[in-house]
Colleague: 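Below is the structure I would like to discuss, written out as structure tokens.
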Amino acid sequence: MRLADLATTFSNNVLDETKLFSLTVDDPDKMEGVPESAKALWANAHMQHLTSEATGDTEIPEMNAEAGPWRITLDIPSYSPALSHLPDRKLREHIYMAYLQRASDANGNKNNVPLIYEILRLRSEMAKMLGYENFAELSLASKMAPSVEAITELTNLIAEKAIPAAKKELAEITALARQKGGSPYSEANLEKLEPWDVNFWSERLKESKFDITDEELRPYFALPAVLEGMFGLVNRLFGVTVIAADGEEEVWHPDVRFFKISDTKSGQHIASFFLDPYSRPENKRGGAWMADCIGKSDALDRDIPVAYLTCNGSPPVGDTPSLMTFREVETLFHEFGHGLQHMLTTASIGDVAGINGVEWDAVELPSQFMENWCYDRPTVYGFAKHWETGEPLPEEKFQKLCEQKIFNAGMMTCRQLCFGQVDMELHSNFDAEAGETGKGRSIFDTHREVSSKYLPHSMPMKEDRFLCSFSHIFAGGYSAGYYSYKWAEVMSADAYAAFEEVGLDNEEKVKEVGKKFRETVLSLGGGESPTEVYRAFRGREPTPSALLRHNGFE
């Protein structure tokens with residue numbers, strides 16, 4: 001119970017600190033070069049804030065995206081474009097530090113530092129009571145990975161390829177900043193780019209390399225069209241039909257939609273799901289997730305599983321529908337992959353139906369597998385059309401989209417590997433009591449030690465308090481399990497390679513492989529070992545070769 005209370009408090013502290021911060025900008029010069037969508041989002045946020053604070057007959061001015069004011073928050077759809085597009089370094093630094101130090105010892109009574117130490121101490125005590133050396137061993141007892149050593153071995157294998165790529169990527173970003181940024185970015189004034197500079201200049205480099213921006217792509221990724229295309233893909237691969245059923249079930253917010261899934265061949269209704277697609281920072285936590293509403297169970301006479309699919313995408317603005325970034329499209333596909341494993345299960349014992357009982361490091365397989373289809377031509381052209389004109393995504397933009405898939409792949413891979421190893425170190429070799437009392441290394445010392453191995457090119461600042469908002473491992477299900485993302489990514493890349501091997505333009509073969517994927521990975525649930533389930537699909541165990549190839553490391 002205490003651990004559950006601590007996790008809840010940790011999560012609430014992060015949410016409260018995220019909601020607490022806002023920065024209002026009223027100088028149009030500070031918005032030079034900022035995309036229209038970001039300015040509209042921030043102007044709309046300012047107007048909504050004024051509306052919420054208004055009393056009596058207070059007159060609320062109309063939103064003006066060009067003239068402002070603009071209200072920036074730490075909610076991801078607001079925070080990300082701020083770091084990527086605001087030209088003012090001081091503004092970026094202020095926003096970055098506020099985000100980095102949420103719920104930390106820098107912020108009064110919403111401090112997660114003592115909670116982290118207590119969580120780690122209680123987990124260690126629990127593991128030892130159950131006969132394990134540490135919490136990581138206890139966690140891995142119910143996972144696919146056989147040991148901490150096996151995880152470290154895979155991590156190091158990938159890092160060996162990713163770190164040189166990451167160093168090269170950062171050097172290229174730095175060179176552009178020095179070339180285009182003027183005196184503030186000269187070697188005399190700036191030894192290396194600060195963390196709040198990297199995203200900004202990375203975005204400029206991406207624009208120069210690919211001549212394409214998120215903002216150019218947004219009009220082609222309207223949510224209604226993306227949904228239609230995604231539903232077409234699962235019909236093609238897995239033989240299921242998704243239909244809107246809005247109004248048939250009660251929803252908790254007007255944004256939420258309801259859908260039904262039927263088997264295309266039989267016409268039988270086999271599952272349903274709710275979709276809550278938009279960010280609402282005032283009362284909805286950040287991130288994206290799938291949760292089960294109703295699980296399949298013979299014992300409970302439940303034959304129609306129902307899922308909750310939740311995202312925090314860009315909301316509609318005025319009469320303009322939700323125009324998604326490509327990353328938001330990938331996130332939607334990712335969560336739908338989770339939903340498919342829950343909804344297409346044929347297991348009828350509740351404890352092992354859908355995602356239940358599936359080892360944590362295998363549960364990301366369907367979700368990450370689905371992301372691969374965001375680069376498949378028939379899939380993309382099933383939804384990528386201009387929301388106003390209906391024109392398809394220009395061919396050159398699609399090619400650039402595919403080329404930029406591996407843009408900064410080294411840096412992103414190293415970041416994920418580092419997070420996974422920090423998590424594993426804290427749950428295997430860290431002494432929480434000694435760390436809290438100052439008799440041993442602190443949680444932040446540990447973060448820096450691990451970073452020196454996996455992020456030597458981008459060490460965290462002394463003030464870095466990322467761990468204080470690392471909800472995945474302190475308030476979610478990823479404690480001693482964050483490595484699962486990369487572990488499952490190896491599997492998902494290898495699974496997608498099965499489709500590549502038969503030819504992505506070979507419709508008959510693609511459907512055959514898709515049927516096999518549905519009948520194994522999506523159907524069998526947690527009643528069988530994921531190694532055996534994967535072997536039933538692929539005929540062998542997964543290898544990292546496809547992942548390294550997809551990331552451009554080989």
Side-chain angles (χ1 to χ4, degrees), residues 18-54 58-100 173 176-177 179-186 189-190 193-208 211-219 278-282 313-325 327-328 387-388:
T18 302
K19 289 165 57 179
L20 184 64
F21 176 90
S22 69
L23 176 67
T24 300
V25 180
D26 52 18
D27 181 358
D29 290 341
K30 302 288 188 184
M31 292 289 156
E32 183 181 353
V34 174
E36 296 301 317
S37 63
K39 289 191 289 188
L41 179 72
W42 298 333
N44 189 54
H46 177 72
M47 186 182 69
Q48 289 184 348
H49 174 68
L50 292 181
T51 302
S52 68
E53 296 289 311
T58 304
E59 186 174 341
I60 306 299
E62 290 187 8
M63 182 185 88
N64 190 326
E66 288 304 313
W70 304 271
R71 189 169 192 260
I72 301 169
T73 69
L74 299 183
D75 189 49
I76 287 297
S78 179
Y79 170 80
S80 291
L83 267 290
S84 295
H85 298 292
L86 284 176
D88 190 302
R89 292 189 74 222
K90 289 294 184 183
L91 281 183
R92 293 202 308 269
E93 178 184 2
H94 182 58
I95 296 165
Y96 176 84
M97 294 303 296
Y99 187 84
L100 188 71
I173 293 168
L176 181 69
Q179 178 188 352
K180 301 288 188 181
S183 175
Y185 295 96
S186 68
N189 292 323
L190 192 67
L193 292 186
E194 298 290 359
W196 50 86
D197 296 323
V198 175
N199 278 7
F200 179 83
W201 287 105
S202 175
E203 191 68 22
R204 306 291 80 75
L205 179 62
K206 185 165 71 171
E207 290 167 2
S208 68
D211 192 27
I212 189 172
T213 66
D214 281 341
E215 298 312 305
E216 288 177 62
L217 294 172
R218 276 185 189 267
Y278 310 129
S279 167
R280 295 190 299 277
E282 70 280 2
S314 303
V317 177
D319 294 330
T320 304
S322 171
L323 300 179
M324 307 170 76
T325 66
R327 183 61 199 136
E328 288 172 347
W387 75 277
E388 289 181 300

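This chain uses plain numbering: 1 for the first residue, then up along the sequence. Quick caveat, the model's predicted, so the values are computed rather than measured.
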Colleague: Quick one: are E66 and K39 in side-chain contact, heavy atoms under 4.5 Å?
Modeller: yes
Colleague: Is there a side-chain contact between L23 and T73, using heavy atoms and a 4.5 Å cut-off?
Modeller: no
Colleague: I need the minimum non-hydrogen distance between I173 and W201, along with the two atoms involved.
Modeller: CG2-CB, 3.7 Å
Colleague: If every non-hydrogen atom of K30 is compared with every non-hydrogen atom of D88, which pair is closest and at what distance?
Modeller: NZ-OD2, 2.6 Å
Colleague: Do R71 and V25 have side chains that get closer than 4.5 Å, going by heavy atoms?
Modeller: no
Colleague: Determine, for F200 and R89, whether the Lys NZ or Arg CZ falls below 6.0 Å from the six-membered ring centre while staying within 45 degrees of the axis.
Modeller: no
Colleague: Of the options L50, D27, N64, D26, which is the one that meets P69 in a side chain to side chain contact (heavy atoms under 4.5 Å, CB included)?
Modeller: D26
Colleague: Go through the steps for E215 and E36 under the test side chain to side chain contact (heavy atoms under 4.5 Å, CB included), then give the verdict.
Modeller: CA-CA 8 Å; E215 298 312 305; E36 296 301 317; 5.9 Å; no
Colleague: Which heavy atom of P81 sits nearest to which heavy atom of I76, and what is that distance?
Modeller: CD-O, 3.9 Å
Colleague: For M47, is there any backbone N or O sitting under 3.5 Å from a side-chain donor or acceptor partner on T51?
Modeller: yes
Colleague: For S52 and H49, indicate whether the former's side chain and the latter's backbone hold a donor-acceptor pair under 3.5 Å.
Modeller: yes
Colleague: When rounded to the nearest 0.5 angstrom, what is the spacing between CD in Q179 and CG in L205?
Modeller: 10.5 Å
Colleague: Do S78 and W42 get their side chains close enough for a donor-acceptor pair, meaning under 3.5 Å?
Modeller: yes
Colleague: Are R92 and H85 close enough that a side-chain donor and a side-chain acceptor fall under 3.5 Å?
Modeller: no
Colleague: Would a 4.5 Å heavy-atom cut-off, applied to side chains only, mark L193 and Y185 as touching?
Modeller: yes
Colleague: Just wondering, more than 12 heavy atoms not from E32 lying within 6.0 Å of its CD?
Modeller: no
Colleague: Report yes or no: is the cationic atom of R280 (NZ for Lys, CZ for Arg) under 6.0 Å from the centre of the six-membered ring of Y278, at an angle within 45° of the ring normal?
Modeller: no
Colleague: Can S208 and K206 be said to form a side chain to side chain contact (heavy atoms under 4.5 Å, CB included), step by step?
Modeller: CA-CA 5 Å; S208 68; K206 185 165 71 171; over 6 Å; no
Colleague: Could you tell me whether the side chain of W70 and the main chain of A65 form a donor-acceptor pair under 3.5 Å?
Modeller: yes
Colleague: Closer than 3.5 angstrom, by distance alone: can the side chain of N189 be matched with the main-chain N or O of S183 as a donor-acceptor pair?
Modeller: yes
Colleague: Any chance the rings of Y99 and H94 have centres within less than 6.0 Å?
Modeller: no
Colleague: Under a 3.5 Å threshold, yes or no: a donor from one side chain and an acceptor from the other, between R218 and S37?
Modeller: yes
Colleague: With a 4.5 Å limit on heavy-atom distance, are the side chains of T325 and L217 in contact?
Modeller: no
Colleague: For a quick check under 3.5 Å, do D75 and S279 share a side-chain donor-acceptor pair by atom type?
Modeller: yes
Colleague: Would you call L83 and Y96 a side-chain contact if the rule is heavy atoms closer than 4.5 Å?
Modeller: yes
Colleague: Grab the two heavy atoms, one from A40 and one from V317, that are nearest each other, plus how far apart they are.
Modeller: CB-CG1, 4.2 Å
Colleague: Check S84 against R204 and note the closest heavy-atom contact, atom names and distance.
Modeller: O-NH1, 2.9 Å
Colleague: For the pair E328 (side chain) and S314 (backbone), establish whether a donor and an acceptor sit closer than 3.5 Å, ignoring hydrogens and angles.
Modeller: yes
Colleague: Of all the heavy-atom pairs spanning E207 and T213, show the shortest one and how long it is.
Modeller: CG-CG2, 3.2 Å
Colleague: I72 versus T24: any side-chain heavy-atom pair under 4.5 Å?
Modeller: no
